[in-house]
Amino acid sequence: MGITRPGCWGYNNQRRYQRMSSQPVRVRYAPSPTGEPHVGNIRTALFNWLFARRHGGAFIVRIEDTDRDRYIPGAVEAILESLHWLGLDWDEGPTGQAQESHGRHAPYFQSQRLPLYHEAAQQLVSGGHAYRCYCSPQRLEELRKQQAQEKRPPGYDRRCRDLTDAQRREMETQGTPSVVRFRVPQEGHSAVNDLVRGEVTWQNNLLDDFVILKSDGFPTYHLASVVDDHHMGISHVMRAEEWLPSTPRHLLLYQAFGWEPPLFAHLPMILGPDRAKLSKRHGATSVLAYREQGFLPEALFNFLVLLGWSLDDRTEVMSRETVVQHFSLERITKAGAIFNSEKLLWLNGVYIRQLAPEDLANRLVPLLERPASQGGLPDEVARPVDRDYLRRIVPLVQERLKALAEGAELTSFFFVERLEYDPALLVQKGMDREGTLRGLQRVLAAVEALASFDLTSLEAAIRPLVEELGVKAGQLFGAIRVATTGRTAAPPLFQTMEVLGRERCLRKLREAVAKLEATKA
RNA sequence: GCCCCCAUCGUCUAGCGGCCCAGGACGCGGCCCUUUCAAGGCCGAGAUCAGGGGUUCGAAUCCCCUUGGGGGCACCA
């Protein structure tokens, strides 16, 4: 051992970290446009963003679109939209306009940086650190199959590693497609001093000669990310733990190029309820889907921060500023975390309650105005929604909302003309039809006689009826509640009536009376 | 099969050798408040700190092994 000290970058990391702490922090979020980013993915972006903001550094977004087969149109937009919605602003990266970028290392789309990778690959080939491989995908496929059969570790068998110049010329003149593979040193080891995990070491001879340039001329992730991270001056690579196994390859690449590697921090993964890596099959995991369901970006932000990081032993609800102020790599957890959607729902409720009613009303509008089939108010309700009316409704439902999407259900009775409900609901426990009918008729008369229709007058007029009718408050109020809202659970009665207004209340009370009369045997 | 990472209540976590027969939060149960539903308040159940060895006067905290879980092993990222 000890032959390849150069491969042991880790031993110097302590010193390097200190030196770099005075260097500018530059971190990146490097998603691949293969679909809408899910919450686990965006959590990585979040931690990078927090680290950049905490240290006054730069947060860079780079699109890793080096796989034409998996490219999904619209994915870049979805990624940027997700970041934007969560308030994760980037200093360099796509502008959001077509395939444009801004920043001193533009472009930030890898598909637009091909010459850079070609040059890098050529440099490695010239230096003997890489070689062209002419093996066909079919042969590699068979190789893997055989290796699996013999229970041997899969990996390239290095057939083309030591081709003679003549053999190579032969393949080239035949026009055999080729890739470029990295010549992994067969001795020594590579080590990284991971900022969250400490030192991790790998034996070089366990790594195979991985592809760095594909036959279509596009680089693989390994090459592209190393080349870009270097050229873009990335100081810290913070990525999910699934990347840890490929770190030795990256280290070896830096070494071959003669570049100083950035510091690495492998973040814990976000797991589904079954403890497996979170993925689509765990349900709606897309960030944008959470927006559709009425989660507040500040709530999701806060929740995601808590998945793998903590401020102390008790602080959970934190403003974005507080998190930025306190964020540190030292307090990142090592173990993966299950995405607990129930806690997210609770936290969302906390944030909803903190909103100024005016603000909540504004956020509710677009959701309420969606078609009923998409979770909006019943289609019979006119759009746009009456803003002034909504503003008065909001305080009554604010503390009952856990997600904005519940708004339609919680407020629909304020808007619909005719309430649909089972008349039997009007009859409260311990009451009968006659008593209820008499009560509602008495209430109707009292409300009709009201000079002013406000909370105080309503209560002053109705509460005394409890005694007059000889029933319990809950019995009378319950009946009125069903009459005016069509349901047994609703916001406080008098406030609800006040907001509903005189006309709506009278009409609904009359309808209730009519319904009861109609059910008379 | 091989390599790597991880391991405190169901879940998210605090704990970085004595303050811990383990604290907070979600969820759950009960009570209070109350015209319903919420919100809020209080109380409670819930972790022999995965198991076993060490080290130490002393271990959830350090070391080793085992077990369990996860990730990776593509001309995908």
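Residue numbers begin at 1 in each chain, while the letters A, B, ... track the order of the sequences.
- The number of heavy-atom neighbours closer than 6.0 Å to CD of A:Glu467, taken from other residues, nucleotides and ligands shown, is 12 or below.
- Picking from B:rA25, B:rC3, B:rC76 the nucleotide with the shortest atom distance to the side chain of A:Lys343 gives B:rA25.
- With RNA chain B read from its 5' end, the first of the two nearest nucleotides for A:Arg353 and A:Leu206 is the one closest to A:Leu206.
- Atoms CD (A:Glu242) and P (B:rG69) sit 20 Å apart, rounded to a whole Å.
- B:rG44 sits 42 Å from B:rC65 when the P atoms are compared, rounded to a whole Å.
- Around atom CZ of A:Arg392, more than 12 heavy atoms belonging to other residues, nucleotides or ligands sit under 6.0 Å away.
- At most 12 non-hydrogen atoms from other residues, nucleotides or ligands lie less than 6.0 angstrom from NZ of A:Lys472.
- A:Pro219 comes within 4.0 angstrom of sugar-phosphate atoms only, judged by non-hydrogen atoms across all strands, and of no base.
- A:Cys133 comes within 4.0 angstrom of nothing in the nucleic acid, heavy atoms only.
- Base pairing of B:rC9 is not made with any nucleotide, judged by Watson-Crick or G-U wobble geometry with both donor-acceptor distances under 3.5 Å.
- Here A:Val179 lies in heavy-atom contact (under 4.0 Å) with a base.
- Distance check on atom C1': B:rC16 versus B:rA77 gives 35 Å, rounded to whole Å.
- Atom-to-atom, CZ of A:Arg43 to P of B:rU13 comes out at 9 Å; the value is rounded to the nearest Å.
- Of the candidate nucleotides B:rC75, B:rA77, B:rC12, B:rA77 has the atom lying nearest to any side-chain atom of A:Tyr221.
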- prompt: Once each nucleotide of nucleotides 4-10 of chain B is scored for protein heavy atoms under 4.0 Å, what B/S/- sequence comes out, 5' to 3'?
  reply: SBSS---
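- Picking from B:rA74, B:rU11, B:rA77 the nucleotide with the shortest atom distance to the side chain of A:Arg144 gives B:rA74.
- The residue A:Thr488 sits close to a base: some heavy atom pair falls under 4.0 Å.
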task: Step by step, work out the side-chain hydrogen bond (donor to acceptor under 3.5 Å, both in side chains) result for A:Asp228 and A:Tyr108.
output: CA-CA 9 Å; A:Asp228 285 344; A:Tyr108 291 85; over 6 Å; no
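- A:Gly308 comes within contact range of the sugar-phosphate backbone alone, with a heavy-atom separation under 4.0 Å but no base atom that close.
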- request: Apply side chain to side chain contact (heavy atoms under 4.5 Å, CB included) to A:Lys508 and A:Leu419, showing your working.
  value: CA-CA 8 Å; A:Lys508 278 158 183 166; A:Leu419 298 174; 3.8 Å; yes
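- Test A:Ser32, A:Pro94, A:Pro37 against A:Ile79 for side chain to side chain contact (heavy atoms under 4.5 Å, CB included) and you get one pass: A:Pro37.
- Counting only heavy atoms from C-beta on, A:Lys214 has its side chain closest to B:rC76 among B:rC76, B:rC73, B:rG23.
- A sub-4.0 Å separation between OP1 or OP2 of B:rC12 and a side-chain N or O of A:Thr333 is absent.
- Remark: P of B:rG72 and CG of A:Leu271 are 11 Å apart, rounded to the nearest angstrom.
- Here, B:rC4 and B:rC12 have their P atoms 26 Å apart, quoted to the whole Å.
- Side-chain contact of A:Ser178 with A:Arg132: a donor-acceptor pair under 3.5 Å is present, judged by distance alone.
- Taking atom P in both B:rG46 and B:rG40, the straight-line distance is 25 Å, to the nearest Å.
- Here B:rG27 is the nucleotide among B:rA77, B:rG27, B:rC75 with the atom lying nearest to any side-chain atom of A:Lys402.
- Looking at heavy-atom distances under 4.0 Å, A:Pro491 makes contact with a base.
- Rounded to a whole angstrom, the distance from the P atom of B:rU34 to that of B:rG51 is 48 Å.
- Distance from the side chain of A:Pro492 is smallest to B:rU35 among B:rA14, B:rU35, B:rG70.
- At the phosphate of B:rC75, OP1 or OP2 sits under 4.0 Å from a side-chain N or O atom of A:Arg181.
- Side-chain contact between A:Gln203 and A:Leu206 is present, with at least one heavy-atom pair separated by less than 4.5 Å.
- To the nearest whole angstrom, the two P atoms, one in B:rA39 and one in B:rG27, are 8 Å apart.
- Across every strand in view, B:rU35 sits unpaired, with no contact that passes the Watson-Crick or G-U test at under 3.5 angstrom.
- Note on A:Lys472: nothing from the nucleic acid sits closer than 4.0 angstrom, heavy atoms only.
- Which of B:rC37, B:rA77, B:rU35 sits closest to the side chain of A:Arg400 comes down to B:rC37.
- Ranking B:rG1, B:rG24, B:rU35 by closeness to the A:Pro154 side chain, first place goes to B:rG1.
- Across B:rC3 and B:rC49, the matching C1' atoms stand 29 Å from one another, rounded to whole Å.
- Inspection of the A:Tyr221 and A:Asp67 side chains reveals no N or O donor paired with an N or O acceptor under 3.5 Å.
- Between A:Arg314 atom CZ and B:rC26 atom P there is a gap of 13 Å when expressed in whole angstrom units.
- For B:rU13, neither phosphate oxygen OP1 nor OP2 lies less than 4.0 angstrom from any side-chain nitrogen or oxygen of A:Ser310.
- Contact between the side-chain N/O atoms of A:Arg275 and the OP1/OP2 oxygens of B:rC12 is found at a separation under 4.0 Å.
- Listed candidates were B:rA77, B:rG71, B:rG27. Nearest to the side chain of A:Ser32 is B:rA77.
- Nucleic acid contact for A:Thr66: sugar-phosphate only, since backbone atoms but no base atoms lie under 4.0 Å from a heavy atom of the residue.
- The partner of B:rG44 is B:rC28, by the rule that a Watson-Crick or G-U pair needs both atom distances under 3.5 Å.
- Toward the 5′ end of RNA chain B lies the nearest nucleotide of A:Gly478, the other residue of the pair A:Glu64 and A:Gly478 mapping further downstream.
- Side-chain proximity of A:Ala489 to B:rG72, B:rU36, B:rA74: nearest is B:rU36.
- Annotation for A:Glu119: atom CD does not count as buried by contact number, only 12 or fewer foreign heavy atoms lying within 6.0 Å.
- Both the sub-6.0 Å distance and the 45° axial angle are not jointly satisfied by A:Arg353 relative to the ring of A:Tyr351.
- Among A:Phe210, A:Trp243, A:Tyr117, A:Tyr254, the one residue that satisfies the ring-ring contact (aromatic ring centres under 6.0 Å, His included) test with A:His222 is A:Phe210.
- If you check the side chains of A:Arg239 and A:His266, you find a donor sitting under 3.5 Å from an acceptor.
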Listed pairs, N/O of protein and of nucleotides 61-67 of chain B, under 3.5 Å:
none

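- Annotation: B:rU61 and B:rC19 have their C1' atoms spaced 14 Å apart (nearest Å).
- Contacts of A:Asp69 with the nucleic acid, taken as non-hydrogen atoms under 4.0 Å apart, are absent.
- Using a 4.0 Å cut-off between charged nitrogen and carboxylate oxygen, A:Arg363 and A:Glu298 count as a salt-bridge pair.
- Between B:rG15 and A:Arg331, a contact under 4.0 Å exists linking OP1 or OP2 to a side-chain N or O.
- Within the shown strands, B:rG1 is the pairing partner of B:rC73 under the Watson-Crick or G-U definition, both distances less than 3.5 Å.
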